[in-house]
Amino acid sequence: MKNFFVFTLVLILGFSSCAQNTTINVADYGIKPGKDVTLQVYQIIESLKDKKNITLFFPKGQYEFYPENAYEEYRAVTNHDNSLKKLAFPIFNFENFTLDGNGSTFMFHGKICPITVEGSKNTTLKNFTIDWEKSFVNELKVIKNDTKENSFTVEVANEKFGFEVKKNQILFNHYDWQDPIGQNIAFDPKTKSPIWQTKNYYLKPQKGAKIEKLDDKTAKFTKYTKVTPPIGTVFAAYGKSPGGNRFAQAIHLSNSKNNVLENITVLAAGGMALIAERCENIHLNKFIVTSRSDRTISTRADATHFLGCKGLIKVENCLLEHMLDDGINVHGAYVKVEKYMGDKTFLCETSHPQQWGFLFGEKGDEVMITSRETILPIFKTDIEKVKVLNERRVLITLTEVPKEMPKGLLSIENLTWNPDLQMNDNIIRENRARGALITTKGKVVIENNYFNSQMHGILIEGDNNKWYESGGVQDITIRNNTFDNIGFGNGISYPLYASPLFRPEQRLGDKKFHHNINFSNNTIKTFNGHVAFGMSIKGLKINNNTIELSNTYPKGSKLPSIILDYCEDVEIENNDYKNFNFPIKIEKKENSTAIKLKKNKGVQ
C-alpha cells in the first residue's frame with residue numbers, strides 16, 4: 001500500500017510540471033522490459049483518469065502481459081464471444097490520449113485482450129507490435145503421407161504446451177485451456193495461402209478415422225480428409241465457433257471518436273486484429289496484420305472489422321495477410337422485429353449470438369423499417385426511445401410509423417451509423433475468405449490496392465437473415481486496383497460480387513437493392529476469367545479493366561466472366577481480355593434492362 005501511494009504521488013508531481021501534452025515514461029515508474037508489467041500498467045492508466053493530453057510512452061523493448069493481475073469486466077464485443085474479459089490496456093473515457101510503444105513488442109499470455117478503447121475522444125495508438133507467446137491457431141504441418149490408406153503424419157507446432165490424444169480426439173494445450181480441432185483449413189506452403197480446392201482437405205473424420213500420438217511433436221491422422229494432403233501442407237485448427245474461438249481480439253474500439261492507429265503490427269489474436277463498433281472517424285496508416293516468421297497464420301478472424309460506425313474510415317498503406325477471415329468488413333446493422341407492440345414500439349432481437357449486446361441505436365438515430373422478405377426499405381423514421389431488455393432483445397420506440405403497418409416479416413436498419421470509406425495503397429492477400437466486405441451507405445472509394453483472397457475479392461452484400469449486416473450501398477468506386485488470382489479456394493469466386501444474400505424464403509422485390517457501383521481501370525490476373533457478378537443493382541459500370549490470363553491455378557471456368565441478374569442501367573465497356581484460350585462470356589438474364597455493351601476485346 002505504501003508503494004502505491006508513492007507511485008501515485010510521483011504521477012501527481014509529474015503533472016505539476018506541465019499542464020498540457022504530458023508524456024508519462026513508464027520506465028520512470030519501474031516498468032521494465034522482460035517481466036510481467038500488467039498490474040503496473042493498469043495502475044498508471046487508473047491514475048491518469050480525468051487527465052487530458054496524455055502520452056503513455058514505452059522505451060523500446062518486449063513487455064510481458066499475463067491474465068492473473070489484469071483488470072476484468074464483462075464485455076460484449078461484436079462479432080466475438082461475449083464473456084468476462086481480462087484487459088491489459090483499458091483506455092476508458094480519455095480525451096487526447098496517445099499510447100506510444102516506440103517500436104516495442106507487447107507480448108501476451110493466455111486469454112487477455114490487449115487494447116480496449118471505450119468512450120474516448122482523440123485517441124492515438126502507435127509504434128508497437130502485439131503478439132502472443134502461444135498462437136491461438138493450432139498449426140499442423142504434414143511431414144509424411146500415404147495415399148493408399150489415406151493417412152498423413154503431422155508435426156504439431158506445440159511450442160511449450162504440447163497436445164494430447166484422448167478417445168480418438170486431438171486436444172491442443174494452451175495457457176489454461178484446450179482446443180479441439182473445430183474449425184480448420186489447409187494452407188499451401190508454396191503460396192502461403194489456403195490450398196487449391198480447400199474443401200477436399202477439411203479435417204473431418206471419415207468412416208474408420210483414427211488419430212495416434214506418435215511422440216510429443218507428431219501425430220498420425222488416418223481417414224480424416226476426403227483427399228490425402230500433400231507433404232508440406234499446413235493445417236490451421238482453431239476451435240469451435242460460436243463460443244470457442246473468438247474471445248481475445250487484439251484491439252477493440254467502442255463508442256469513441258477520432259481514433260488513429262499507425263505503425264502497428266499484429267502477429268496473433270484470439271479473434272480479430274481490430275474490431276470497431278459505434279465509433280466516429282477511424283484512420284489506419286501502416287496497420288499490419290501478418291504471421292510471425294515461425295508461423296503460417298496470423299489471426300483467428302478478420303484483420304479489421306467496422307460495425308455501425310460513422311464519419312470517415314480511412315485505411316491506407318496497410319498490409320493484411322494470413323488471417324483466417326476477411327481483410328476488412330465495413331457495414332451497418334439491422335435488428336429483427338419480433339413483434340409490433342403498438343404505440344410506435346417494436347420488440348426487436350439481435351439474432352446472431354456473436355452480435356448479442358451490441359448497441360444498435362439511440363434516441364435521434366434515423367432508421368428504416370425494412371422487409372425481411374425482400375430486404376427492401378419501407379418507411380424512414382427516427383428513434384424516440386430505446387429500452388434494453390437483455391443482450392438479445394430491445395424495445396425500440398419510433399417517432400412515426402406507417403399508417404398501416406406492413407404485412408410480413410420486418411427488420412429495422414440504422415441509417416445514421418453508416419460511414420464513408422477510403423481505402424488506398426493497401427495489400428490484402430493470402431487469407432481465408434474475402435478481401436473486403438463493403439455494405440455501408442456512405443461514399444466509398446477503393447483505389448490502388450492489391451487483393452488476393454481465397455473467396456471473392458470485394459463482396460458487396462447485405463444480409464437480413466443471419467448476421468443482419470446492412471445494407472444496400474449507394475455510391476461505391478473501385479478503381480486502379482489489382483486483383484490477383486481471386487477465388488483460389490474453389491475457382492468460382494469473383495473479383496467483384498455484388499448481391500444481397502437471400503435465403504430460400506426470401507425474394508427479389510420491385511426495386512433494386514444496391515445502387516451506383518463503379519468498377520473501372522482495374523487489373524485482373526485470373527485463371528478463370530471471372531470479373532463480376534451483379535444482382536439487384538441499379539447503376540453498375542464495369543469499364544476499362546484489363547483482364548490477364550494467369551497460369552498459377554488450373555485454367556478455365558464453366559461460369560461466365562460477368563453475370564447480370566435483375567440489374568438496370570449497366571455499362572460494360574472497353575474491357576480488354578488478354579491471352580485467354582477458353583470462351584469469355586457475359587451473361588444477361590432477361591430480368592436485366594438498359595444494358596450497354598461496347599468494345600470489350602476477347603469477349604465471345
Side-chain angles (χ1 to χ4, degrees), residues 185-188 190-202 226-227 230 326-327 427-437 446 449-461 478 480-499 517 519-535 537 540-565 567 570 572-589 592 597 600-604:
I185 191 170
F187 271 63
D188 185 336
K190 296 178 182 177
T191 62
K192 299 181 180 179
S193 307
I195 198 168
W196 169 253
Q197 296 294 346
T198 317
K199 64 182 180 181
N200 289 334
Y201 305 101
Y202 190 80
K226 292 181 180 179
V227 178
D326 310 311
I427 297 172
I428 303 178
R429 67 185 180 190
E430 300 167 2
N431 62 298
R432 176 196 166 272
R434 283 81 37 166
L437 280 76
I446 301 173
N449 302 284
Y450 174 90
F451 294 96
N452 164 249
S453 54
Q454 177 211 14
M455 299 181 191
H456 303 302
I458 296 176
L459 174 60
I460 301 171
E461 197 169 51
I478 303 165
N480 301 323
N481 302 283
T482 296
F483 295 86
D484 189 0
N485 287 303
I486 296 297
F488 50 74
N490 53 24
I492 62 174
S493 298
Y494 283 79
L496 172 65
Y497 194 98
S499 168
I517 301 172
F519 186 81
S520 61
N521 295 297
N522 299 289
T523 297
I524 301 169
K525 300 176 181 179
T526 170
F527 56 92
N528 56 19
H530 293 180
V531 173
F533 178 100
M535 175 186 281
I537 305 170
L540 173 62
K541 295 181 179 179
I542 304 174
N543 296 333
N544 302 308
N545 299 288
T546 300
I547 305 97
E548 303 171 355
L549 181 63
S550 165
N551 296 314
T552 305
Y553 295 97
K555 293 178 290 187
S557 176
K558 296 180 180 179
L559 297 174
S561 176
I562 298 174
I563 300 176
L564 303 175
D565 186 354
C567 295
V570 179
I572 303 176
E573 299 181 356
N574 298 310
N575 298 290
D576 188 5
Y577 292 80
K578 296 183 176 181
N579 303 318
F580 286 85
N581 54 8
F582 53 88
I584 298 296
K585 297 180 180 180
I586 297 175
E587 179 180 292
K588 302 171 292 180
K589 295 190 181 296
S592 293
L597 302 178
N600 296 293
K601 296 181 180 179
V603 176
Q604 294 187 0

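Remember, predicted model here, so these are calculated numbers, not experimental data.
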> Identify, with sequence neighbours excluded, every residue that meets ring pair (Phe, Tyr, Trp, His ring centres under 6.0 Å) alongside F187.
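By the ring pair (Phe, Tyr, Trp, His ring centres under 6.0 Å) rule, F187 matches no residue at all.
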> Could you state the interatomic distance from CD1 (I458) to OH (Y497), rounded to the nearest 0.5 Å?
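OH of Y497 is found 15.0 Å from CD1 of I458.
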> Could you tell me whether R434 and D326 have a side-chain N and a carboxylate O separated by less than 4.0 Å?
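Counted as a salt bridge, because a side-chain N and a carboxylate O are separated by less than 4.0 Å.
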> Using the side-chain contact (heavy atoms from CB on, under 4.5 Å) rule, pick out the option among I446, T482, D484 that qualifies with F451.
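So the option named by the test is I446.
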> Can you check side chain to side chain contact (heavy atoms under 4.5 Å, CB included) on I460 and L496, steps first, answer last?
CA-CA 8 Å; I460 301 171; L496 172 65; 3.8 Å; yes
> Under the side chain to side chain contact (heavy atoms under 4.5 Å, CB included) rule, what do V531 and I524 come out as? Steps first, then yes or no, please.
CA-CA 8 Å; V531 173; I524 301 169; 3.9 Å; yes
> Would you check if the side chain of S592 reaches a backbone N or O of C567 as a donor-acceptor pair within less than 3.5 Å?
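Between the backbone of C567 and the side chain of S592 there is a qualifying donor-acceptor contact (under 3.5 Å).
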> Between H456 and S493 (side chain of the first, backbone of the second, donor and acceptor by atom type, cut-off under 3.5 Å), is there such a pair?
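Absent.
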> Within the distance-only criterion (no hydrogens, no angle test), does the side chain of N543 pair as donor or acceptor with the backbone N or O of E573 below 3.5 angstrom?
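Confirmed, N543 side chain pairs with E573 backbone.
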> Measuring from atom CZ of F582 to atom NZ of K555, what distance do you get when rounded to the nearest 0.5 angstrom?
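F582 CZ to K555 NZ: 8.0 Å, rounded to 0.5 Å.
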> With distance as the sole test, does Q454 use its side chain to make a donor-acceptor pair with the main-chain N or O of G487 at under 3.5 Å?
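Not confirmed, Q454 side chain does not pair with G487 backbone.
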> I492: which residues meet the side-chain contact (heavy atoms from CB on, under 4.5 Å) condition with it, sequence neighbours left out?
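Expected list: N490, L559.
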> Specify the closest pair of heavy atoms between N452 and S193, including all atoms of both residues, with the distance to one decimal.
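In this case the closest contact between N452 and S193 is OD1-OG, 4.2 Å.
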> So, taking the atom named OH in Y494 and the one named CD1 in I562, what distance separates them when rounded to the nearest 0.5 Å?
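Between Y494 OH and I562 CD1, I get 9.0 Å after rounding to 0.5 Å.
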> Minimum heavy-atom separation for N431 to S453, with atom names?
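Nearest pair, atom of N431 first, then S453: OD1-CB, 3.7 Å.
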> Kindly say whether S520 contributes a backbone atom to a donor-acceptor pair with the side chain of N522 at under 3.5 angstrom?
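Pair found, side chain donor or acceptor close to backbone of S520.
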> Residues in side-chain contact (heavy atoms from CB on, under 4.5 Å) with N575, at least two apart?
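By the side-chain contact (heavy atoms from CB on, under 4.5 Å) rule, N575 matches I542, N545, I547, I572, Y577, N600.
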> Is there a side-chain contact between N528 and I486 in this structure, where contact means two heavy atoms from C-beta onward sitting under 4.5 Å apart?
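A side-chain contact under 4.5 Å is absent here.
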> Take D188 and F488 through the side chain to side chain contact (heavy atoms under 4.5 Å, CB included) test and state the conclusion after the steps.
CA-CA 11 Å; D188 185 336; F488 50 74; over 6 Å; no
> Enumerate the side-chain hydrogen bond (donor to acceptor under 3.5 Å, both in side chains) contacts for residues 578-588, please, sequence neighbours excluded, ordered by first and then second residue.
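Pairs touching residues 578-588 that pass the test: E587-K589.
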> Just how far is it from atom CD1 of I478 to atom CD1 of I517, taken to the nearest 0.5 Å?
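If I round to the nearest 0.5 Å, the distance is 7.0 Å.
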> Please find the pair of heavy atoms, one from G529 and one from S561, that lie closest to each other, and give the distance.
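Closest approach of G529 to S561, heavy atoms only: O-OG, 2.6 Å.
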> Parallel, tilted or perpendicular: which one describes the rings of F483 and F519, with boundaries at 30° and 60°?
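Because their plane-to-plane angle lies in the 30° to 60° range, the rings of F483 and F519 count as tilted.
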> With S550, which residues qualify under side-chain hydrogen bond (donor to acceptor under 3.5 Å, both in side chains), at least two apart?
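Result, side-chain hydrogen bond (donor to acceptor under 3.5 Å, both in side chains) vs S550: N485, T552.
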> With distance as the sole test, does D576 use its side chain to make a donor-acceptor pair with the main-chain N or O of T546 at under 3.5 Å?
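Pair absent, no side-chain N/O of D576 close to backbone of T546.
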> Considering residues at least two apart in sequence or located in another chain, which fulfil the side-chain contact (heavy atoms from CB on, under 4.5 Å) criterion with Y202?
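So Y202 forms a side-chain contact (heavy atoms from CB on, under 4.5 Å) with N184, K204.
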> Determine, step by step, whether E430 and T191 satisfy the side chain to side chain contact (heavy atoms under 4.5 Å, CB included) criterion, reporting the C-alpha distance in whole Å, the side-chain angles of both residues, the deciding distance to 0.1 Å, and the verdict.
CA-CA 8 Å; E430 300 167 2; T191 62; over 6 Å; no
> I need the minimum non-hydrogen distance between P230 and I195, along with the two atoms involved.
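Distance-wise, the nearest heavy atoms are CD-CD1, 4.1 Å.
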> Grab the two heavy atoms, one from P560 and one from H530, that are nearest each other, plus how far apart they are.
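Heavy-atom minimum between the residues: O-CD2, 3.9 Å.
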